[in-house]
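Everything on this sheet refers to the single structure shown next.
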Amino acid sequence: MLNDDHDGVDTIATTTTTDLGSPPESYLTEGLSDPCTILIVGASGDLTSRKLMPALYNLFLKDALPDPFRIVGCSRTELTDQSFRDRLKTFISNNAEIDLSEWERFASFIQYHPIQYDQRSSFVELAGRLKELDEKSGTGGNRIIYFAIPPTLYKPTARMLGSVGLAAEGENGNGWSRIVVEKPFGRNLETAMVLDQSLHKIFKEHQIFRIDHYLAKETVQNILMFRFANAIFEPIWNRRYIDHVSITAAETLGVENRAGYYEQSGVLRDMFQNHMMQLLASTAMEPPSQFEADMVRDEKVKVFRSLRPFPLENLKDTLVLGQYTAGTINGNRVPAYRDEPGVQKESLTPTFASMKVFLDNWRWQGVPFYLTSGKRLGKKLTEISIQFKKIPHSMFRQTLGENVTANLLILGIYPDEEITLTFQTKSPDPRVSLRSVTMDFLYNQNYTGPVLDAYEKVLLDCMLGDHMLFWRKDAVELCWGFLTPILMECETCGNREDRLLPYEAGSWGPEAAQALRMNQ
Ligand code: BG6
């Protein structure tokens with residue numbers, strides 16, 4: 001099959017996959033034996049209804065939750081078990097079709113307990129209720145504590161939980177206890193370390209699960225399989241053959257209703273400190289000797305250690321920051337960032353960043369990695385593109401000229417979950433001619449089994465106690481160590497306003513971002 005829809009590159013769908021059929025039904029629950037209670041702290045908020053509950057409900061439908069399991073939501077809002085379940089049902093059924101009888105079965109495992117974050121007595125009651133639930137339902141005192149609260153509440157809440165014995169493992173009827181925290185893990189290196197110290201006073205590192213939903217995306221997990229389960233890519237995956245790597249996470253969404261958070265974080269903390277760094281690490285890391293959580297995370301840490309510090313005196317050649325102005329997205333007019341609800345009129349928060357990063361190690365010396373992410377860009381697109389070097393000498397230059405397009409490998413994460421490789425062939429033409437063609441592999445081709453969304457995967461892994469797809473403390477600190485000087489320089493310099501370049505919503509960001517690549 002041939003079509004010409006790739007800007008001058010012919011697409012030839014040549015990959016053939018073995019039909020994998022459907023895996024056995026028990027497949028998702030294999031190894032998942034521990035019953036547990038999932039305690040969601042901050043359960044009246046957006047994260048619970050938008051992400052956690054739909055994920056838990058889907059896992060329930062896939063028969064992937066342990067038996068028995070219970071979910072207890074708690075927050076300041078005064079709700080009963082029933083009114084909490086009703087709220088969830090309304091939210092979830094407004095966004096997806098639900099099977100009412102399955103929902104009722106799922107909802108019967110959900111309870112709600114109002115708490116006051118600053119009152120120990122409230123946590124004593126909560127602990128009592130959880131203990132009672134363990135005894136009645138047989139959840140064995142195993143619990144996952146999911147922090148769906150603002151980071152400012154992490155420290156006092158962890159302290160309260162610890163003081164009523166909910167962090168302890170293996171004593172007073174407790175089984176294991178795991179805590180899940182969402183980003184932001186601090187605002188900079190110092191605050192991240194303080195936050196970690198306060199969590200570590202109560203929980204040990206093996207109990208802490210720091211989520212990055214990008215790590216749980218299927219095609220992000222696939223990067224390591226693709227690189228390390230094939231013999232043909234690794235030998236060329238280095239500075240001798242690769243010219244540069246571009247990692248892009250472009251969004252069409254604006255700040256939505258999250259101005260309170262986003263104004264404080266901006267794109268560097270929101271996307272770079274976490275997701276972009278993980279994409280970089282998976283692309284650049286060395287193979288560990290075994291596919292085991294800490295060995296994989298050790299290799300990622302080595303990548304973060306080799307990040308070359310930014311030349312602060314000359315940031316413009318390595319970093320472009322932007323903020324969107326009004327424009328058109330998918331045919332609709334959208335306002336400027338500064339006109340979004342909750343955003344300050346004079347806001348200097350960047351919504352776009354593109355940076356040129358180098359890794360000072362043997363494999364990658366001299367290869368630029370371009371990391372780009374922004375809101376309100378032309379298209380929602382997440383991909384890693386590996387641009388190989390040009391051929392060293394063209395024997396065709398007399399007939400076809402000097403320019404032979406270099407190979408390009410794209411690991412598509414969104415919207416197309418695919419891997420494409422572009423290379424040169426002769427065109428079936430009596431004349432001597434070259435054409436660029438692309439081989440595509442669609443990630444879900446010939447697979448009909450269950451697919452987990454990112455939150456389903458992280459919840460399942462947390463129940464299994466598998467840290468593979470979670471951040472480790474040292475990695476968080478190394479990434480903050482890299483980004484903090486940049487943030488300080490950008491946020492405290494006198495010409496902050498000049499550095500923030502406007503770009504029209506629906507465009508591809510400030511033109512200067514393209515220029516970053518020119519002076520490679
Ligand atoms: C979140 C950021 O972590 O990732 C959001 O806080 C961003 O601002 C989102 O929109 C992007 O995730 P995805 O999976 O849609 O690419």
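Each ligand, and each atom within it, is numbered from 1 in the order the structure gives.
Residue L253 places every heavy atom at 4.0 Å or more from ligand 1.
Atom 13 (P) of ligand 1 has K380 NZ, 3.4 Å as its closest protein atom, hydrogens excluded (heavy atom only). Considering only non-hydrogen protein atoms, atom 16 (O) of ligand 1 sits nearest to Y214 OH, 2.5 Å. When hydrogens are left out, the protein atom nearest atom 6 (O) of ligand 1 is D270 OD1, 2.6 Å; that is the closest non-hydrogen contact.
The aromatic rings of F60 and Y57 sit parallel to each other, their planes meeting at less than 30°, with 60° as the upper class boundary.
Within the listing of ligand 1, atoms 7 (C), 10 (O), 11 (C) sit less than 4.0 angstrom from a heavy atom of E251. Listed by number with element, the atoms of ligand 1 under 4.0 angstrom from any heavy atom of K217 are 13 (P), 14 (O), 16 (O). Of all the atoms in ligand 1, the ones that sit under 4.0 Å from a non-hydrogen atom of K375 are 5 (C), 7 (C), 8 (O), 10 (O). Against a heavy-atom cut-off of under 4.0 Å, K183 is close to the following atoms of ligand 1: 1 (C), 2 (C), 3 (O), 6 (O).
The ring-ring contact (aromatic ring centres under 6.0 Å, His included) pairs that include a residue from residues 246-273 number zero, where partners must be two or more places apart or lie in different chains.
Proximity annotation for atom 12 (O) of ligand 1: of R258, H213, M271, H275, H213 comes nearest, heavy atoms only.
Checking R227, K300, R363, K302 one by one against E286, the salt bridge (Lys or Arg N to Asp or Glu O under 4.0 Å) holds for a single residue, R363. Of the candidates F209, F185, Y154, F203, F147 forms a ring pair (Phe, Tyr, Trp, His ring centres under 6.0 Å) with just one, namely Y154.
For F233 and F226, the ring centers are positioned less than 6.0 Å apart.
Annotation: Y262 places no N or O atom under 3.5 Å from an N or O atom of ligand 1; distance criterion only.
Under a 3.5 Å cut-off, the side chain of S93 and the backbone N or O of T90 do form a donor-acceptor pair.
Between C74 and L39, the closest heavy-atom pair is SG-CD1, 3.9 Å.
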